[in-house]
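To start, the structure itself, in structure tokens.
Nothing fancy with the numbering, it's 1 onward along the sequence. On a predicted model such as this, the values are computed, not experimentally measured, just so you know.
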Amino acid sequence: MKSVKLESEKDYVWPELRWEDWSATAETLHMWTQIVGKTRLALSPMQAHWWNVPLYVSARGLNTSAMPYGENFLEVEFDFIRHELLFRTSKGENAALPLRAMSVATFFAEYKKMLAELGVDVKLHGMPQEMAHPIPFAQDEVHASYDAEAVHRFWRVLMSVDRVFQEFSALFLGKVSPVHFFWGSFDLAVTRFSGRPAPLRPEMDRIMRVAYSREVISAGFWPGNGGFGKAAFYCYAAPAPNGFAAAKVKPAQAAYDEKLGEFILLYDDVRKAASPEEMLMTFLQSTYVAGAELGGWDRKLLERQRGEE
């Protein structure tokens, strides 16, 4: 009889996530999240640092939160348990689009049809963002994969990371971002602010000027997209203070990537640790302290200790 390897509780909470096993699905899902995210961009009032555009980890997947539409609200959610895209309105209307192997072009057409049936008329920019070789959504027949098990595993990783990121952000008394999922870069991030304006660089476009108008130290997780090829955690400072790249940070597995300009800690190192949560928190705190100390942040004013109200 063939033995069945049961997944341990730790492996369920911090599952394996090898980019090469689901890259085709991830690249397709990336485009789908961009389409849904652009709906939030179109409907939500502009906020500082583009905080009006990300998605959020939910109890079932990723959602937009409530988006204003006229006198009503619309919410769209990727349900990675039942594998449906759910539409809900404040008028009590509900609709669902089954998530399955289909091209981005097909998803885009069906998505717009769903919105029209709900009476939502929104103009969506039809080009992907932050892609080296973007294909218009309506023409994209290249990305058409959907591995439901892999997507569910990805969401479980996002939940585990989100929990630690929330705990990390709770230790900061200064301005701090929500824990949010940026569909352009396909990563989950949380950002702390020093409270000081950042110098604007000539090479910055409008998106970058809005995002980095203040000094920040930002940490995040991405599953391996963008050519990196491995799921990893990152931390960077913008602007980066002198000596940041050479700073000694923890854990020992973390290292500064000169090409990326960020500290990197591989997801595999975290998930294999005796306490993944403790290792990740150590990385977040250590890299933040390096940037804050070198950048002259007022840490006494901005931070609190665990248990402090």
Residue pair Glu93 / Leu118, side-chain heavy-atom distance below 4.5 Å = yes
ask   = Hey, does the side chain of Asn94 reach the backbone of Gly92 with a donor-acceptor pair shorter than 3.5 angstrom?
value = yes
message = Measuring only between side-chain heavy atoms, which start at C-beta, is Leu55 closer than 4.5 Å to Asn63?
response = no
inquiry  = So which atom in Val176 and which in Trp51 form the shortest heavy-atom distance, rounded to 0.1 Å?
reply    = O-CH2, 4.0 Å
Check: Gly61 main-chain N/O paired with Asp79 side-chain donor or acceptor under 3.5 Å = no
key: More than 12 heavy atoms of other groups within 6.0 Å of Glu20 CD   = yes
inquiry  = I'd like to know if the side chain of Arg304 reaches the main chain of Ala170, judged simply by a donor and an acceptor atom lying under 3.5 Å from each other, with no hydrogens or angles considered.
reply    = yes
request  = Taking all heavy atoms of Ala273 and all of Met279, pick out the closest pair and write down the distance.
outcome  = CB-CE, 3.8 Å
ask   = Under 3.5 Å, is there a donor-acceptor pair between the side chain of Ser286 and the main chain of Phe283?
value = no
message = Taking Gly119's backbone N and O only, do any of them form a donor-acceptor pair with Tyr69's side chain (distance below 3.5 Å, no angle check)?
response = yes
note = Separation between OG1 (Thr282) and CG (Leu265), nearest 0.5 Å, reads 10.0 Å
task = Tell me, with the steps shown, if Trp50 and His180 meet side-chain contact (heavy atoms from CB on, under 4.5 Å).
result = CA-CA 11 Å; Trp50 301 108; His180 42 202; over 6 Å; no
query = Yes or no on side-chain contact (heavy atoms from CB on, under 4.5 Å) for Arg60 and Glu77, after CA distance, side-chain angles and deciding distance?
reply = CA-CA 8 Å; Arg60 300 190 71 90; Glu77 180 173 31; 4.0 Å; yes
query = For Pro15 and Val157, which heavy atoms make the closest approach, and how far apart are they?
reply = CG-CG2, 3.6 Å
key: Joint cluster assignment, Leu86 & Leu43, ILVMFWY side-chain distance < 4.5 Å   = no
ask   = Between Arg100 and Glu110, is the closest basic N to carboxylate O distance under 4.0 Å?
value = yes
request  = Supply the atom-to-atom distance Arg192 CZ to Ser218 OG, rounded to the nearest 0.5 angstrom.
outcome  = 11.0 Å
ask   = Tell me, do Gln34 and Gln129 make a side-chain contact under 4.5 Å, heavy atoms counted?
value = yes
request  = Applying side-chain contact (heavy atoms from CB on, under 4.5 Å), run through Asp269 and Tyr267 and close with a yes or a no.
outcome  = CA-CA 5 Å; Asp269 288 330; Tyr267 172 73; over 6 Å; no
request  = Would you give the length of the straight line joining atom CZ of Phe107 to atom CG of Leu85, rounded to the nearest 0.5 angstrom?
outcome  = 5.0 Å
request  = Give a yes/no verdict on a cation-pi contact between Lys10 and Tyr12, requiring under 6.0 Å between NZ or CZ and the six-membered ring centre and an angle within 45° of the axis.
outcome  = no
inquiry  = Applying the ring-ring contact (aromatic ring centres under 6.0 Å, His included) criterion to Tyr111, which one of Phe78, Phe137, Phe87, Trp32 satisfies it?
reply    = Phe87
task = Spell out, as yes or no, whether a donor-acceptor pair under 3.5 Å connects the side chain of Lys38 to the backbone of Met127.
result = yes
ask   = Any donor and acceptor pair, going by atom type alone, linking the side chain of Thr106 with main-chain N or O of Met102 inside 3.5 Å?
value = no
Evaluation steps, side-chain hydrogen bond (donor to acceptor under 3.5 Å, both in side chains), between Trp14 and Glu277 = CA-CA 10 Å; Trp14 296 94; Glu277 294 83 359; 2.9 Å; yes
ask   = Is the shortest heavy-atom distance from the side chain of Tyr56 to the side chain of Leu188 under 4.5 Å?
value = no
query = Where do Ser185 and Asn225 come nearest, in terms of heavy atoms and distance?
reply = O-ND2, 2.9 Å
query = Taking atom types as modelled, is there a side-chain donor on Glu75 or Thr64 under 3.5 Å from an acceptor on the other?
reply = no
message = To check you understand the geometry: which heavy-atom pair defines the closest contact between Ala237 and Phe244, and what is its length?
response = N-CE2, 3.8 Å
task = Report the C-alpha distance between Arg40 and Val53 in whole Å, list the side-chain angles of each, state the deciding distance to 0.1 Å, and finish with yes or no for side-chain contact (heavy atoms from CB on, under 4.5 Å).
result = CA-CA 6 Å; Arg40 187 164 188 232; Val53 305; 5.6 Å; no
query = Looking at side-chain heavy atoms only, is the closest gap between Phe168 and Leu280 below 4.5 Å?
reply = no
key: Common cluster, Phe165/Phe172, ILVMFWY with side-chain heavy-atom separation under 4.5 Å   = yes
request  = Could you tell me whether a side-chain N or O of Tyr212 sits under 3.5 Å from a main-chain N or O of His49, the two making a donor and an acceptor?
outcome  = no
message = Would a single hydrophobic cluster contain both Met281 and Val289, if residues Ile, Leu, Val, Met, Phe, Trp and Tyr are joined by side-chain heavy-atom contacts under 4.5 Å?
response = yes
inquiry  = With rounding to the nearest 0.5 angstrom, report the OG1 to CD distance, Thr191 to Glu215.
reply    = 13.5 Å
request  = Using a strict 4.0 Å threshold on nitrogen-to-oxygen distance, state whether Asp268 and Arg18 make a salt bridge.
outcome  = no
ask   = Pick from Tyr236, Tyr234, Phe263: which one makes a ring-ring contact (aromatic ring centres under 6.0 Å, His included) with Tyr256?
value = Phe263
task = Looking only at non-hydrogen atoms, find the nearest pair between Pro239 and Pro199 and report the distance.
result = CG-CD, 4.1 Å
Backbone N/O of Leu158 and side chain of Trp155: donor-acceptor pair under 3.5 Å = no
task = Decide whether Leu41 and Phe73 are clustered together by the hydrophobic rule: side chain heavy atoms of Ile, Leu, Val, Met, Phe, Trp, Tyr closer than 4.5 Å, transitively.
result = no
ask   = Does CG belonging to Asn242 count more than 12 external heavy atoms closer than 6.0 Å?
value = no
ask   = Once you round to the nearest 0.5 Å, how far does CD of Glu130 lie from NE2 of His30?
value = 7.0 Å
key: Heavy-atom neighbours of Lys175 NZ exceed 12 at 6.0 Å   = yes
ask   = Are Trp22 and Phe154 near enough that their ring centres are under 6.0 Å apart?
value = yes
ask   = Can you get from Val13 to Met159 by hopping between Ile, Leu, Val, Met, Phe, Trp and Tyr side chains that sit under 4.5 Å apart?
value = yes
ask   = About how many Å separate CZ of Arg271 and CG of Asp11, when rounded to the nearest 0.5 Å?
value = 5.5 Å
key: Exam field: side chain Ser145 to backbone Thr25, donor-acceptor pair closer than 3.5 Å   = no
task = Compare all side-chain heavy atoms of Leu99 with those of Phe80 and state whether any distance is below 4.5 angstrom.
result = yes
message = Within the structure provided, determine whether Gln285 and Lys250 are in side-chain contact (heavy-atom separation under 4.5 Å).
response = no
Test item: Phe193 and Arg214 side chains (from C-beta on) under 4.5 Å apart, heavy atoms = yes
